S.K.: 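Structure in structure tokens, see below.
Quantities reported herein were computed from a predicted structural model and do not represent experimental measurements. Chain identifiers are assigned alphabetically (A, B, ...) following the order of the sequence lines, protein sequences preceding nucleic acid strands; residue numbering begins at 1 within each chain.
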Amino acid sequence: MLQVPFIRENQDLVIARLAKRNIDATKMISEAIELDEERRKTQTELDNTLAESNALSKEIGMLYKSGKADQANAIKDRTAQLKEDSKALTEKLNNTSEKLEELLFKIPNVPHESVPAGNTDEDNEEVFREGDIPVLHENALPHWELAKKYDIIDFELGNKITGAGFPVYKGKGAKLQRALIGYFLDKNTAAGYQEVQVPHLVNEASGFGTGQLPDKEGQMYHVTEDNLYLIPTAEVPATNIFRDELLKEDELPKALTGYTPCFRREAGSYGAHVRGLNRLHQFDKVEILRVEHPTRSYQALDDMVAHVKSILKELKLPYRILRLCGGDLGFTSALTYDFEVFSTAQDRWLEISSVSNFETFQANRLKLRFKNSNGKSELAHTLNGSSLALPRVLAGILENCQTEKGIKIPDALVPYTGFDYIN
RNA sequence: GGAGAAGUGGCAGAGUGGUCGAAUGCACUGGUCUUGAAAACCAGCGAGGGUCACACCUCCGGGGGUUCGAAUCCCUCCUUCUCCGCCA
């Protein structure tokens, strides 16, 4: 959620930057400013009414004490009127505030100046590429065929137990999955991220805090009996650790990492792009997350990108980094870098990580602040990224590392798997 | 799931209808003293809205109510603790 004072002072900039998302925000912005003015005006009126009422109540108290009940009762007529007034004003204030909030919930984050304008993923800007694309043998297969051939992932079994998009990992497939989780967590903790284990279901307030609610509830599984949501990413519970927190400046930065399963309803896609591991309703992900001082958040974003790079380099997977264009940028993000691994057998790029700076957008909803050197409360910046998402890394490994002898496990993972081939 | 108790500032903990945003202690910040530190002493020290700055307003788990007036009384929800039941 954007901050109203910021909108007020940077109206033109906000509109120009939101245009990168192909949004004409002119109307929303001026409406927000009007609503805020009305809100403040009403608030002042209400405050004055309450001030008078408070003063009179004190007077009544003193009159009663000194035995002047008649005078006290005389004043009560006036307080009754004030009470009515304040009731009406409170209602008006609540209405205005609600309208304003509803509007603010609809306005996405202001993209960073470096975000390219554009509509679709074709307008994303490639900023880095590394790793050799392997030359595969003639009989190379896509990962869903490999999964079947070596009996390591069973999609049909998942269909039976739950439904499409809930695969069962078996044998060395399950072990490889567990190895990747352990490997990623070790990498992240070695880089200074504190490991956490967080709930996999969250309440409504948490969904609001990170921006999944109120607009995107359709993307989450909802346990209506208890009004809880299955997390779509560890970002939700992990970021909400800091909801309603006022940190000390020297407590920053906070850096966390955590493994969780992720649940996504993901309606609407079909075809080869969602085959196999490409798109699932349940998948595993290891997330990194930072709470940063505003002056350092872009440095931190670069650090996170460098960290993910180092992992992919060690796994020797061919990958590229994209700076997302305005049209492809997530609702809450100011700047996002996507990592994609090249899947040789599918001849396409698979997104495996998304690293974002949300600036104060989430912090404003979360009321995540720190006490700055002037002793004032200031919103912190939040960032997060996948480090890394499992299924597509797994797909990348299966497809890129297939040989005539079987799947050759990357050296860095062998200590975690305990085997070097799947065959 | 059943019965009981409780939720107050960073922490501990007073306050049970009137000048209480809230005693006191600890922690923290600044100062005096000291070669330095500690101790002692003095001062400051919750959050949000609002204002150029004040004033002023709101907040004592959340929401609602009674009253001229609520941290204090009532309703409701949530959470924690104790006992019982069930259980990985």
S.K.: Using Watson-Crick or G-U wobble geometry with both distances below 3.5 Å, tell me the partner of B/C26, or none.
M.R.: B/G10
S.K.: Can you find a side-chain donor-acceptor pair between A/D77 and A/Q81 that sits under 3.5 Å?
M.R.: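 No.
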S.K.: Side chains of A/E125 and A/Y337: donor-acceptor distance under 3.5 Å anywhere?
M.R.: no
S.K.: Taking B/U58 as the reference, what is the distance to B/A5 when you measure between their C1' atoms (whole Å, please)?
M.R.: 31 Å
S.K.: Using atom P in both nucleotides, what's the gap between B/U16 and B/C68 to the nearest angstrom?
M.R.: 23 Å
S.K.: Where each residue is assigned the nucleotide of RNA chain B containing its nearest heavy atom, which of A/M62 and A/R369 is assigned the position nearer the 5′ end?
M.R.: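 On the 5' side of the pair lies A/M62.
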S.K.: For nucleotides B/G49 and B/C86, find the distance between their C1' atoms and express it as a whole number of Å.
M.R.: 49 Å
S.K.: What's the CG-C1' distance between A/D244 and B/G61, to the nearest Å?
M.R.: 12 Å
S.K.: Using the C1' atoms only, state how far B/U76 lies from B/A88, rounded to an integer number of Å.
M.R.: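 That atom pair is separated by 34 Å.
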S.K.: Determine the Euclidean distance between corresponding P atoms of B/A6 and B/C74; express it in Å to zero decimal places.
M.R.: 12 Å
S.K.: Which value, in whole Å, describes the distance between the C1' atoms of nucleotides B/U19 and B/G69?
M.R.: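 Per the computed distance, 12 Å lies between those C1' atoms.
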S.K.: A/Q71 has an atom CD; how far is it from atom P of B/C68, in whole Å?
M.R.: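 After rounding, the gap between these two atoms is 18 Å.
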S.K.: Name the pairing partner of B/C83, where a pair is Watson-Crick or G-U wobble with both distances under 3.5 Å, or state none.
M.R.: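 Result: B/G2.
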S.K.: Give A/R78 one of three labels, base, sugar-phosphate or nothing, depending on what nucleic acid heavy atoms sit under 4.0 Å from its own.
M.R.: nothing
S.K.: Identify the two heavy atoms, one from A/F361 and one from A/L2, that lie closest to each other, and give their separation to 0.1 Å.
M.R.: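 So the minimum-distance heavy-atom pair works out to CE1-N, 3.7 Å.
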S.K.: Round to the nearest Å and state the distance from A/N364 atom CG to B/G48 atom C1'.
M.R.: 13 Å
S.K.: Does B/G50 have OP1 or OP2 sitting under 4.0 Å from an N or O in the side chain of A/R39?
M.R.: yes
S.K.: Give A/T79 one of three labels, base, sugar-phosphate or nothing, depending on what nucleic acid heavy atoms sit under 4.0 Å from its own.
M.R.: sugar-phosphate
S.K.: May I ask you to check if A/K172 and A/F419 form a cation-pi contact, with NZ or CZ under 6.0 angstrom from the six-membered ring centre and within 45° of the axis?
M.R.: yes
S.K.: Classify A/T49 by what it touches in the nucleic acid, base, sugar-phosphate, or nothing, heavy-atom distance under 4.0 Å.
M.R.: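 If one applies the 4.0 Å heavy-atom cut-off, A/T49 turns out to touch nothing in the nucleic acid.
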S.K.: For A/T224 and A/H222, which I'm curious about, is there any donor-acceptor pair between the side chains at under 3.5 Å?
M.R.: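 Distance-only check fails for A/T224 and A/H222.
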S.K.: Atom NZ of A/K83 to atom C1' of B/G69: distance rounded to whole Å?
M.R.: 9 Å
S.K.: Rounded to the Å, how far apart are A/Q3 CD and B/G48 P?
M.R.: 12 Å
S.K.: Taking atom types as modelled, find out whether A/N240 and A/R243 have a side-chain donor-acceptor pair closer than 3.5 angstrom.
M.R.: yes
S.K.: Without decimals, in angstroms, what is the distance between A/L100 CG and B/G49 P?
M.R.: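 Nearest whole value for this atom pair: 13 Å.
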S.K.: Across the strands shown, which category fits A/I75 at heavy-atom distances under 4.0 angstrom: base, sugar-phosphate, nothing?
M.R.: nothing
S.K.: How about A/Y150 and A/Q402: does a side-chain donor come under 3.5 Å of a side-chain acceptor?
M.R.: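 No, because no side-chain N or O of A/Y150 sits under 3.5 Å from a partner of the opposite role on A/Q402.
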S.K.: Can you give me the N/O atom pairs linking the protein to nucleotides 52-59 of chain B at distances under 3.5 Å, or say none if there are none?
M.R.:
residue, atom, partner, partner atom, Å
B/C57, OP1, A/N54, ND2, 3.2
B/C57, O2', A/D47, OD1, 2.9

S.K.: How long is the line joining CG of A/L63 and P of B/C68, in whole Å?
M.R.: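 That distance rounds to 15 Å.
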S.K.: Starting at atom CZ of A/R40, determine the distance to atom C1' of B/G50, rounded to an integer number of angstrom.
M.R.: 9 Å
S.K.: Starting at the 5' end of RNA chain B, which residue's closest nucleotide do you reach first, A/S53 or A/K58?
M.R.: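 First, find each residue's nearest nucleotide; the 5'-ward one identifies A/K58.
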S.K.: Taking A/K170 first and then A/D151, would you say they form a salt bridge - that is, a charged N and a carboxylate O separated by under 4.0 Å?
M.R.: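 Salt bridge present between A/K170 and A/D151.
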S.K.: When the C1' atoms of B/C45 and B/C28 are considered, how many whole Å apart are they?
M.R.: 8 Å
S.K.: For B/A70, give the paired nucleotide (Watson-Crick: N1-N3 plus N6-O4 or O6-N4; G-U: N1-O2 and O6-N3; both under 3.5 Å), or none.
M.R.: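 Across all strands, not a single nucleotide pairs with B/A70.
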S.K.: If the P atom of B/G50 is compared with that of B/G31, how far apart are they to the nearest Å?
M.R.: 34 Å
S.K.: With both distances under 3.5 angstrom, what nucleotide forms a Watson-Crick or G-U wobble pair with B/A40?
M.R.: B/U32
S.K.: My understanding is that a pair needs two contacts under 3.5 Å, Watson-Crick or G-U wobble. By that rule, which nucleotide pairs with B/C45?
M.R.: none
S.K.: Does this structure show an ion pair linking A/D24 with A/R21, if we count only N-O contacts that are shorter than 4.0 Å?
M.R.: no
